[in-house]
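Numbering of ligands and ligand atoms starts at 1, following listing order.
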Amino acid sequence: MFVLLNDEFVNRNECLIDIEDRANQFGDGVYEVIRVYDGEFFLLHDHLKRLIYSLEEAKINYDIHHHNLADQLQKLVEMNNFKDGGIYLQISRGASPRSHPFPKHTQPTLIAYPIPVTRPLESQEKGIEAILHEDLRWLRCDIKSLNLLGNVMAKQSALDAGAKEAILYRDYNHVTEGSSTNVFIVKDGIVKTHPANHYILNGITRLYQLVEKTRVFLQAFLG
Ligand SMILES: *Cc1c(COP(=O)(O)O)cnc(C)c1O
């Protein structure tokens, strides 16, 4: 498997990353997972826009245009002869001796590689069981950050309870999102979803669903 490491393509077993890359010690980085269907990216532009947002909010200096990231990702798909699945991509603040402040002369580290993603057709039709779980994450959930301990622990609680997803809530009165998914609630014929603020990660799927729901609604309304 070929991995995009910064601006180079390397074999997975030759992808050397410093043990002191800040992704390891601090989860100091951001990421994206972009769906690929039949060798083509799905909504690549929306993902790159969100990546730029996460980078800016995390104050990581990485110019995706300067690095021709869109072209490089396309090349990654081609080099791997990758047809269906996802491209996982992360950008950390880079490698530096462990110390909390932002390092001064460090370049960010980018890695991107293909991962399997399947479409859960049966679950989509039949539904899944979910548990309610307190949202114990930080207050910048709008950044797609590598710090996923809160998400991972909530997901495992769901699995341990025989369910498949944890629906997270805060202050006992509002649902935010799932551990790795956004939530829509249908109640009394009304579709509700948490506003896109610092309590949720504004999913591309969520945005797309909103547009789609609005289209369906308008079509029914306007005939
Ligand atoms: C990435 C993510 C989402 C949304 O994923 P999309 O693929 O953009 O729809 C929702 N919630 C969390 C916590 C995420 O990390």
Atoms of ligand 1, numbered as shown, that sit under 4.0 Å from any heavy atom of [X]:
X    : answer
N151 : 13 (C)
T181 : 10 (C), 11 (N)
G203 : 4 (C), 6 (P), 8 (O), 9 (O)
R50  : 8 (O)
S179 : 13 (C)

Do H67 and Y62 make the cut of ring centroids closer than 6.0 angstrom? yes
In terms of side-chain heavy atoms, does [X] have a donor or acceptor partner in [Y] at a distance below 3.5 Å?
X    : Y    : answer
D142 : Y199 : no
E20  : S96  : no
T109 : D21  : yes
D28  : S92  : no

Are any of the heavy atoms in F42 under 4.0 Å away from ligand 1?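 Under 4.0 Å: no for F42.
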Measure Y31 to ligand 1 on non-hydrogen atoms and call it side chain, backbone, both or neither using the 4.0 Å cut-off.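 The side chain, only.
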Starting from atom 12 (C) of ligand 1, what is the nearest protein heavy atom, named by residue and atom, and what distance separates them?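 For atom 12 (C) of ligand 1, the nearest protein heavy atom is E177 OE1, 3.5 Å.
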Please write down residue, atom name and distance for the protein heavy atom closest to atom 1 (C) of ligand 1.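 Looking at atom 1 (C) of ligand 1, the protein heavy atom closest to it is K144 NZ, 1.4 Å.
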Taking distance alone, with no angle check, do [X] and ligand 1 share an N/O pair under 3.5 Å?
X    : answer
T205 : yes
H47  : no
I204 : yes
N182 : no
N202 : no

More than 12 foreign heavy atoms under 6.0 Å from CD of E129: is that the case here?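 No, the 6.0 Å shell around CD holds no more than 12 heavy atoms from other groups.
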Step by step, work out the salt bridge (Lys or Arg N to Asp or Glu O under 4.0 Å) result for D135 and R170. CA-CA 6 Å; D135 194 342; R170 286 195 192 263; 3.6 Å; yes
Can you spot which of I87, I115, L89 makes a side chain to side chain contact (heavy atoms under 4.5 Å, CB included) with V33? I115
Side chains of V183 and H194, heavy atoms from C-beta outward: is any pair under 4.5 Å? no
